[in-house]
Amino acid sequence: MSRYNPQEIEKKWQKIWEKEQAFAAAEPGKDLPKDLKTPKKYIAEMFPYPSGAGLHVGHVRNFTIVDVLARFYRQQEMNVLRPFGYDTFGLPAENYAIKTGISPQEATETNINNFKKQLKRLGYAIDWSREINTSDPEYYRWTQWCFLQLYKKGLAYRRESYQWWCPVDQTVLANEQVENGHCWRCGSEVEKKKMKQWFFKITDYADELLNDIDALDWPDKIKTMQKNWIGRSEGAEIEFEVEGNKNKIKVFTTRPDTIFGATFLVLAPEHPVISKLVTDKTKEKVDQYREETLKKSEIERQENKEKTGVFTGSYAINPGTGEKIPIWISDYVLMGYGEGAIMAVPAHDERDFEFAEKFDLPVKQVIEKPEGVKDDEKCYSGEGELINSGHFNGTSTSDAREMVVAWLERQKIGKKKVTYKMRDWLISRQRYWGCPIPIAYDEDGNEYPIPEDQLPVTIPEVKDYKPDNTGRSALAKAKDWLSLEMEVKDPKTGEKVKKKLTRETDTLDGYACSSWYLWRYVSPSDKKAAWDKKAISYWAPTDVYVGADHAVAHLLYIRFWCKFFADQGLLPFREPVKTLLYNGYINAPDGKKMSKSKGNVIDPLDIIDQGYGADTLRTYEMFIGPYDLDAAWDPKSVGGVYRFLNRCWTLCFDKELSKKDETISIRHKTIKKVTEDLHRNSFNTAVAALMEYVNELYKLGTTKEDLIALAKLLKPFGPHLASEMLEKLKADDVWPTWDEKYLKSDTVEVIVQVNGKLRAKLSVDVNDLEDQKKIEKLALEEKNVQNFTKNGVKKVIFVKKAKLINIVAA
RNA sequence: GGCCGAGUGGCGGAAUUGGUAUACGCGUUCGACUUAAAAUCGAAUGACGAAAGUCAUACGGGUUCAAGUCCCGUCUCGGCUACCA
C-alpha cells in the first residue's frame, strides 16, 4: 500500500521540469511557423521586489492565479508565455547597504537566488530562460534608452519646482508616493522643497489615457481610480481686469454660467501676481499669510478646514456686471491646479460660501432653483434658471455654460478650457540604488544626453551609500565616475567640441524601470534593441496581467509609455494590458493584516515543509474564496484541501477500477464546469467542482477515463500530483472536452411550485418537457399541490429552461 | 463630505441570464475500523417543530406568477478620495 507523499513526488517533477525546460515559450523566427498563426497567451504577474524575507502567502496567491491560467491554456495546446522577473531597485536594498555595508548588488543577488529557489518549490510553469532583473546593466541600459527616446521628443525635461521631499529618506517623491502627507516608504511627514528635477510629460497623454479606459477589460475599481487621478474637468478660462492696474488675472471655472454671481476673486498664496496687487496698507499682512502657508505642512493645510485668507487691497472688474469685486488670497485655492485663481460665487459654491460667510463678503444669487428641489438653506450648486444675469436671465444653467463662454470669447476675455488634476511625472530620485539618468552637464549647466551607443551608464561602486544633505545621491561620491569628457555640440556655436562634463547624480524612479518590462520579456537577451519587433508583435499586448497593488501609478505609467512608443512606431498597439486581474490580499486567521511586528505571518514554505506540499498550498489558495476578494488564512481548511488531494491519490493508486461506467455523465458535467469556471476566473468553484467529482467517484466507482479526466482538470492547481497520476495512467495532459449529449438524461426533474413555493418534484421523460399540458396535469395531480390549490387555479406558468412549473392558486 | 464595493448557517463561501437558497470546504454530532487514539471510511447538520409545515439571504417598503438577484429608502462594514474651482 502506497501513500500520498507530496515531498517525494514534488521533488521528482520539479527536477524533470527543470531538466526539460518544460515551460519555455516557442519563439517567433525560431520555433514557430512563419505565419505565426499558433494561438498565443501572454500571462504575467506584476513582478515582485525580491525582499530578504522571501515569498509570502500573498505572492503565492498572485503567482498561482497566473500559473493556473498559464497551465490551463498550455494544456489547450496554446503557445503560452509565462515569464518572471524582479523589480530590484529601491530603498530597502539601499537602506540595508547603509546599515550593513553590504552592497545592494550583492544583497539583491542573494535575495533573487532565495526567491528563485522558493518559486521552484511551488512548481510554477515559468519560462526560466526569460528571467529579468531591473538592476542588471543589460536591462537598465534599455531603461536609459527609453529615457532618451522620451528626451528626444521633449517628453523628459527638467524644471525647478516645489517638490515633495522626504527628510528621512532624503529624496524627492512623486505625487503618487505621498500618502496623506507621509512618505509611502518610511511614513515620515514630507516637506516641500524647491529643486531642479526631471519630469516625464505624461500630461501630453492625459486625454488619450482617459478616453481609452472605458474599453479596457479591467476592474471598474481601477478604472475609476485612474479616471479620478487624471481628473479631467471642462470649463472656461476667464480673464479679469484689475482696477487701476495693467495686470490681468486668469481664473479657471467649471461654472461660467454663474459669472454674474462672482462677488470676489481668490488667489493661491503662491500666485506670482500677488506682489503687484498689494498696497502699503495690506503688504505686511499678505506677506505674513504667504509665509505661514508655505511653512505649513500639507497635513496642517488639510486638517484645518476652517477657511483663512487676507484681502490684497486690489479690486477686479466682473466682466458680467461691471462691478468692482475684491481680490483675496487663501490657501483653499491651490497653485498647482487650473490657474491658481478662482472667481468666487458664494451663492452657488459651498467653499466660496464658507469663505464669504467668514469674511463677510457679498453673496449674490444668480440661479433660481427649479420647483420641488429641497430647500438647502446654505447655497445651491445644482442646475436651474439664471436670474440677476443681464441678458442671460431665463436661460437654463446648462445652456448658459455654453452661451456665456461664447459671449466671453467674442470679447476676447475668455475661452473654453479643459483642466486635469494629473501633473507631470516627477522621476528624479536622489538615491544611489536606481537607474542612472543618462545625462551630463557642462560648467554652465547645459544638459547633454549620453549617446545611445555609450549606454549603459553603469552604477559605480562606492563605499558609503548615504546620500548627503545637499540633496545629492551617493553617486556624487564616485569621483572617477562623476566626470567625463565627451564630444558634444556647443549650444552657442553649434560646433562639435570636446567638453568636460559632470554626470547627473539623480537616478530614475523605480516605476520607470517597470514601465516597459512587459515588452522586455519577449526578447530578454536582445543586445540590439529593447524589444524585438517581430517578437513583440506576436506576443504583446499582455493578455492577462495579475496583481494586487499599484492601481494608479504603475498601471498608468505602462499605459503612458505604451502610447508614447506606439507613436514612435515602436509598438504596434496602444494599450499594454488586455485583461487585468486584481487579486485580494490574504490576511491572518483573525482577519488582520499579516505583519512581522504582529508575528502573525504565515510562511508558505513552512506549509509545504509541514508535509502538505506545494500542490495543497496552491490548491488551497485558489479555493480560499473569489480571487478578487480579501480572504483570511484558515489552517483547518488547508487540511481539508490536503484530504481532497489525498483522495485523488487514493482513487488513482490505491483503489480498484470500476467495471461499469456509471460516471460518464458526471465526468462530462465536471469537465464542462471546470473549463467554464476557469474561463471566468472562478478558481474557487472550479476546485469545489473537482471535490464534488471525487466524492461521486468514491460513491459510484471510478473508471480509467475518470482518473484521466480528473488528473487533467487538476493539473493547473496541483501539477505535481496530476503529473504523477497521468504518468501512471500513461496519458497526456491535453485538456479534456465534454459532449453535451452525455449531460442529458432520459428523465428530468421538474420543480412544481404553488405561488412561487416549492411543493413537489416531478420525474418526467425528457420529451415531455415539450408537452406543457401533460406536465400541468401531472403537477395538478400531486397530492401536495392539491392541498394548496383547494380554491382553484388562477394561472399556470411553465418555464421550460428552468424545468419549473408555477401554479398560481386562487 | 463624495464615489465605489459588500452584508447569505457556528465559520470561509456557492447560487453565471429573476426560476429548487445554503454547492464545496471547515467545524460539530453519530456510526464503522481499532485494545485505544490518530488517520481513513460512512451518515447527519439553517432555525422552530413529533410531523405536516412555518420562518430565514442586514433592516423597511415596492415591482413580479416567482426576488439573495431588479427598484426606492435606512443601517452596518470595507476600499478609494478628499477644499481640484
Side-chain angles (χ1 to χ4, degrees), chain A residues 3 180 219-225 227-229 231-233 235-236 251-255 258 262 266 268 301-302 304-307 330-334 336-345 348-352 354-355 381 419-422 551-552 584 589 591 620 623-626 628-641 643-644 646-647 650 654 673 676-677 679-680 682 684-695 698-699 749-761 784 787 794-809:
Chain A
R3 270 189 54 128
N180 229 339
D220 287 335
K221 188 174 87 180
I222 310 284
K223 295 210 266 190
T224 312
M225 280 167 76
K227 279 184 193 169
N228 292 342
W229 183 263
R232 182 182 200 271
S233 51
V251 306
F252 173 72
T253 178
T254 54
R255 295 296 302 269
T258 63
V266 188
R301 244 170 115 161
Q302 276 171 1
N304 189 9
K305 288 265 166 85
E306 178 88 358
K307 296 277 180 294
S330 172
D331 64 3
Y332 85 92
V333 176
L334 310 171
Y337 184 74
E339 301 295 331
I342 61 155
M343 62 175 210
V345 185
H348 306 292
D349 182 284
E350 225 173 284
R351 296 150 301 182
D352 298 345
E354 268 176 46
F355 195 81
S381 55
T419 303
Y420 302 89
K421 276 196 225 174
M422 185 170 67
V552 175
Y620 169 66
F623 183 61
I624 196 167
D628 56 339
L629 298 183
D630 289 353
W633 187 268
D634 178 6
K636 290 264 175 62
S637 286
V638 179
V641 171
R643 268 193 285 281
F644 158 65
N646 228 321
R647 279 159 78 85
T650 306
D654 206 25
K673 171 80 176 149
E676 288 179 348
D677 278 357
H679 276 299
R680 62 186 183 108
S682 186
N684 55 330
T685 55
V687 175
L690 288 173
M691 288 173 167
E692 230 172 312
Y693 184 35
V694 167
N695 292 345
Y698 260 72
K699 273 182 218 152
E749 191 178 61
V750 172
I751 298 307
V752 184
Q753 296 180 332
V754 178
N755 292 340
K757 282 200 173 131
L758 175 68
R759 295 300 174 194
K761 290 177 182 179
N784 203 30
N787 287 342
K794 231 201 269 178
K795 198 171 158 190
V796 174
I797 285 142
F798 178 64
V799 189
K800 199 172 94 186
K801 222 176 102 195
K803 287 176 244 160
L804 176 144
I805 187 160
N806 189 15
I807 293 153
V808 186

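Atoms considered below: every heavy atom in the structure, side chains included; atoms not considered: hydrogens, waters and symmetry mates.
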Open item on the list: Rounded at 0.5 Å granularity, tell me how far CG in D349(A) sits from CD1 in I342(A).
Closed with: 7.0 Å
TODO: Round to the nearest Å and state the distance from L629(A) atom CG to A6(B) atom C1'.
DONE: 8 Å
- [ ] Scan G640(A) against the nucleic acid and name what it touches under 4.0 Å (heavy atoms): base, sugar-phosphate only, or nothing.
- [x] sugar-phosphate
Task: Within-4.5 Å side-chain heavy-atom neighbours: V750(A) and K761(A) - done: no
TODO: Determine the Euclidean distance between corresponding C1' atoms of G19(B) and U29(B); express it in Å to zero decimal places.
DONE: 35 Å
Task: Y332(A) vs A85(B): side-chain N/O to OP1/OP2 distance below 4.0 Å - done: no
Open item on the list: On a heavy-atom basis, which atom in K421(A) and which in W229(A) lie closest, and how many Å separate them?
Closed with: CB-O, 3.7 Å
Task: Whichever of Y337(A) and D634(A) has its nearest RNA chain B nucleotide further upstream toward 5' - done: D634(A)
Open item on the list: Any base atoms under 4.0 Å from K801(A), or only sugar-phosphate, or nothing? Heavy atoms, all strands.
Closed with: base
Task: Separation between the P atoms of C55(B) and A82(B), rounded to whole Å - done: 50 Å
Open item on the list: Measuring from atom CD1 of I805(A) to atom CD1 of I797(A), what distance do you get when rounded to the nearest 0.5 angstrom?
Closed with: 9.5 Å
Open item on the list: Among residues at least two apart in sequence or on other chains, which ones pass ring-ring contact (aromatic ring centres under 6.0 Å, His included) with F355(A)?
Closed with: F264(A), W328(A), Y332(A), F359(A)
Task: Inter-residue atom distance T258(A).OG1 - H348(A).NE2, 0.5 Å rounding - done: 7.0 Å
Task: Contact nearer the 5' end of RNA chain B, comparing E354(A) with E676(A) - done: E676(A)
Task: nucleotides 45-52 of chain B: protein proximity per nucleotide (B base, S sugar-phosphate only, - neither; heavy atom, under 4.0 Å) - done: --------
Task: Phosphate contact (U81(B) OP1 or OP2) by K221(A) side-chain N/O below 4.0 Å - done: no
Open item on the list: Under 4.0 Å from OP1 or OP2 of C41(B): is there any side-chain N or O of R647(A) that close?
Closed with: yes
Task: Minimum-distance nucleotide (side-chain atoms of E692(A) versus A85(B), C24(B), G25(B)) - done: C24(B)
TODO: Give the B/S/- string for nucleotides 61-69 of chain B, one per nucleotide from 5' to 3', where a protein heavy atom under 4.0 Å of the base yields B, of only the sugar-phosphate yields S, and otherwise -.
DONE: ----BS---
Task: Syn or anti for G13(B) (syn when the glycosidic angle lies within 90° of 0) - done: anti
TODO: Please say which of V687(A), V638(A), T685(A) ends up in a side chain to side chain contact (heavy atoms under 4.5 Å, CB included) with F623(A).
DONE: V687(A)
Open item on the list: Taking the C1' atom in each of G9(B) and G60(B), what is the distance between them to the nearest angstrom?
Closed with: 24 Å
TODO: Answer yes or no: are there more than 12 heavy-atom neighbours, outside K221(A) itself, under 6.0 Å from its atom NZ?
DONE: no
Open item on the list: With a 4.5 Å cut-off on side-chain heavy atoms, are N755(A) and K757(A) touching?
Closed with: no
- [ ] Please determine if a side-chain N or O atom of N684(A) lies less than 4.0 Å away from the OP1 or OP2 oxygen of G12(B).
- [x] no
Task: Rounded P spacing from G7(B) to A14(B) in Å - done: 9 Å
TODO: Please state whether the phosphate of A15(B), meaning OP1 or OP2, lies under 4.0 angstrom from any side-chain nitrogen or oxygen of T685(A).
DONE: no
Task: Of the listed nucleotides U40(B), C80(B), C24(B), the one nearest the side chain of N695(A) - done: C24(B)
Task: Polar pair under 3.5 Å, donor/acceptor by atom type, side chain K673(A), base U16(B) - done: yes
